[in-house]
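Some notes on the structure that comes next.
Every chain is numbered from 1, with letters handed out A, B, ... down the list of sequences.
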Amino acid sequence: MRIAGTQHVWRSIPRDRGTICAIIFHSETPMKQEFRIENIANYVGQQVTLKGWLYASTRKGKLMFLRLRDGTGICQGVAYQPDLGEELFETLKRLGQESSLIVTGTVKENGRAPGIPGGYEIGIEAVEVLQNVEEYPITPKEHGVDFLMDNRHLWLRSSKQWAVMRVRATIKRAIIDFFDNNGFINIDTPIITPAAAEGTSTLFEVDYFEEKAYLAQTGQLYNEADIMAFGKVYCFGPTFRAEKSKTRRHLAEFWMVEPEMAFFDLEDLMDFEEQFVSYVVQTTIEKRRAELEFLERDLTVLENISAPFPRISYDEAIERIHALREATDDPELKEQLAIEWGDDFGAPHETELTKQFDKPVFVYGYPSQVKAFYMEPWPGRPEVCKSVDLLAPEGYGEIIGGSERMSDPDLLIAAIERHELPLEHYQWYVDLRQYGSVPHSGFGLGLERTVAWICGIEHIRQTIAFPRTLNRMNP
RNA sequence: UCCUCGGUAGCUCAAUGGCAGAGCAUGCGGCUGUUAACCGCAGGGUUGUUGGUUCGAGUCCAACCCGAGGAGCCA
């Protein structure tokens, strides 16, 4: 992990008296200072060189406005024919959208100038055209989803998609920082696994040297082994679900961060989760305000996200949904909200429930029958488990699922048998309860759902560069 | 897997069963403060596929293909 403004350079040293060593060099200026649009405010009055692409252009006679991208932002370039000369101005006039170019000019402050961040423009003095583009498919007009997804490799250049990916990267970084700064160690868990880890979802099958194997749906079970060695761990990687699900919050391949903590009970887990989510949201607002504002996200809603979050039991949630169902006059909603104790929540239940809160809400103590086999039973209520989901507000639904894990080996074996899972594949997992078992808890947070919520965007497919959905694997 | 909607120019969409259209994009021309600019001219079509009804099908019927929204399932 690189820290801002620093760089670690590994230089291997030749063998010297039988030892191999390495020296870490530390420097304040990792790279030659290059102009970047995101830092344009620091360059007012200076001549800069912008290496990038033409995002859009418009002109009015001998005056021309070019919207330029360099990967870090968008800024306006202004070209005036009498200053530039006829030949260069003609060249600019003929540039198509997404032409690659190197522009030299002087930065000026101007409130009228659009961009991210806006308010600055470059008075163009010279241009080197690397490639002039004839006809770029994505025009600055409306397009359909199918077309845009077919052109996802180009769509990523569009400013909204670009802004979402910038926010995503920051969220991911904030997640990693939070764990690294709170005593966690990052351990990678396997992607190829011999059996369904949770026994609850459909998996992608792969051929593993002529033996059946599956793409991982979670790293959690391995995390449980890891905490007995390291105390607190997290894994953060791709996760695969083969459900033929077709909704705005489902991907076949998505990224999940899963922390696991030894000597942690359900109460500790909720305390920890609300600190974690608050940190991620506040850090993202701080570092990506321009992008979130460009996405027209209501930041007052996000600024309110701080611990503590409301906590309700599954029993209370069911009562609230029953009351909502009584109160509504909409027959369709009445139908959708039908639920009995013991059922899992569907999307409409979560949506209506979370509308009652302006922060994420914990729902704890789900019926064991709707949850994975490894969750600790509630003391005195064996039909309920020590699970907790965190539901995001504004209808974004479950972003975290977690629980206290079973710590008793006999209970665990019984649960594995009850779920008809192959015990031989779980023997190592049972071992963890036989050699120094401790109470422990953990959770999984879906990165894309979190990005969708923080960015305030409709569909999860726009929160990952190249989404894998039921009907799409290309590009 | 189920329900609903859609597929016409590169893109977004029109077209009572009767000549295949517009805007954007592209090319050419005009304009000194544009924000998806504006004005004029030009080129651009196997109407998703197959079959059927009809004097005549983009339009009606059937099957299939592809996509979208939702449900279930899931984080």
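The closest donor-acceptor contact from the side chain of A:Asp70 to the backbone of A:Gly73 lies under 3.5 Å.
Among B:U1, B:G10, B:G29, the nucleotide with an atom closest to any side-chain atom of A:Arg94 is B:G29. Nearest to the side-chain atoms of A:Thr247 among the listed nucleotides B:G10, B:G69, B:C73 stands B:C73. Checked against B:G72, B:U35, B:C74, the side chain of A:Arg67 finds its nearest nucleotide in B:U35.
The nearest heavy atom of RNA chain B to A:Lys93 and to A:Ala347 marks one nucleotide each, and the one closer to the 5' end goes with A:Lys93.
When heavy atoms are screened at a 4.0 angstrom cut-off, A:Leu251 is found touching base atoms of the nucleic acid. Using a 4.0 Å heavy-atom distance criterion, A:Glu253 is classed as making no nucleic acid contact. Residue A:His143 is classed as a sugar-phosphate contact, given heavy-atom separations below 4.0 Å to backbone atoms only. The residue A:Gly144 sits close only to the backbone: its heavy atoms come under 4.0 Å of sugar-phosphate atoms, none of a base. Nucleic acid contact class of A:Asp389 (heavy atoms, under 4.0 Å, all strands): none.
A ring-centre distance under 6.0 Å is found for A:Tyr314 and A:Phe345. Annotation: A:Tyr374 is not in aromatic contact with A:Tyr426 [ring centroid separation under 6.0 Å not met]. Ring-centre distance between A:Phe179 and A:Phe276: below the 6.0 Å cut-off.
Searching all strands for a Watson-Crick or G-U wobble partner of B:U50 with both distances below 3.5 Å returns B:A62. For B:C24, the paired base is B:G10 (Watson-Crick or G-U wobble, both distances below 3.5 Å). Across all strands shown, B:G43 has no partner, as no Watson-Crick or G-U wobble contact with both distances under 3.5 Å is found. Pair assignment for B:G69: B:C3, on the basis of Watson-Crick or G-U wobble contacts that are both within less than 3.5 Å.
In the interface, the side chain of A:Gln76 is paired with the base of B:U34 through a donor and an acceptor atom under 3.5 Å apart. Residue-to-nucleotide contacts include no donor-acceptor pair under 3.5 Å from the side chain of A:Thr139 to the base of B:G10.
Closest of all the heavy-atom pairs between A:Ser158 and A:Tyr55 is CA-OH, 3.6 Å. In terms of heavy-atom proximity, A:Thr189 sits nearest to A:Tyr222 at CG2-CB, 3.7 Å. Contact record, A:Glu326 with A:Lys334: O-NZ, 3.6 Å, taken as the closest heavy-atom pair.
A distance of about 43 Å separates the C1' atoms of B:A68 and B:G30, rounded to the whole Å. The same atom, C1', is picked in B:C11 and in B:G72; the two are 35 Å apart, to the nearest Å.
Between A:Asn471 and B:A68 there is a side-chain N or O to OP1 or OP2 distance below 4.0 Å.
Salt-bridge formation is detected for the pair A:Glu404/A:Lys386: a Lys NZ or Arg NE/NH1/NH2 atom is positioned less than 4.0 Å from an Asp or Glu carboxylate oxygen.
The distance from atom CZ of A:Phe443 to atom P of B:C74 is 21 Å, rounded to the nearest whole Å.
Screening A:Lys359, A:Lys355, A:Arg297 against A:Glu394 for a salt bridge (Lys or Arg N to Asp or Glu O under 4.0 Å) leaves a single residue, A:Arg297.
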Checking A:Glu448 against A:Arg168 for the salt bridge (Lys or Arg N to Asp or Glu O under 4.0 Å) test, could you report, in this order, the C-alpha distance in whole Å, the side-chain angles of both residues, the deciding distance, and whether it holds?
CA-CA 8 Å; A:Glu448 287 76 11; A:Arg168 177 190 166 109; 2.9 Å; yes
Atom pairs under 3.5 Å: protein N/O with N/O of nucleotides 44-49 of chain B:
none

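Ring geometry, A:Phe309 versus A:Phe362: the interplanar angle falls from 30° to 60°, so the pair is classed tilted. In this pair, A:Phe264 and A:Phe272 present their aromatic rings perpendicular. The plane angle is above 60°, beyond the 30 to 60° band.
Using a 4.0 Å cutoff on non-hydrogen atoms, the parts of residues 56-66 of chain A near RNA chain B are A:Thr58, A:Arg59, A:Lys60, A:Gly61, A:Lys62, A:Leu63, A:Phe65, ordered by number. Listed by residue number, A:His459, A:Ile460, A:Arg461 are the residues of residues 453-466 of chain A with a heavy-atom contact under 4.0 Å to RNA chain B.
Here A:Glu86 contributes atom CD and A:Leu84 contributes atom CG; the two are 11.5 Å apart, rounded to the nearest 0.5 Å.
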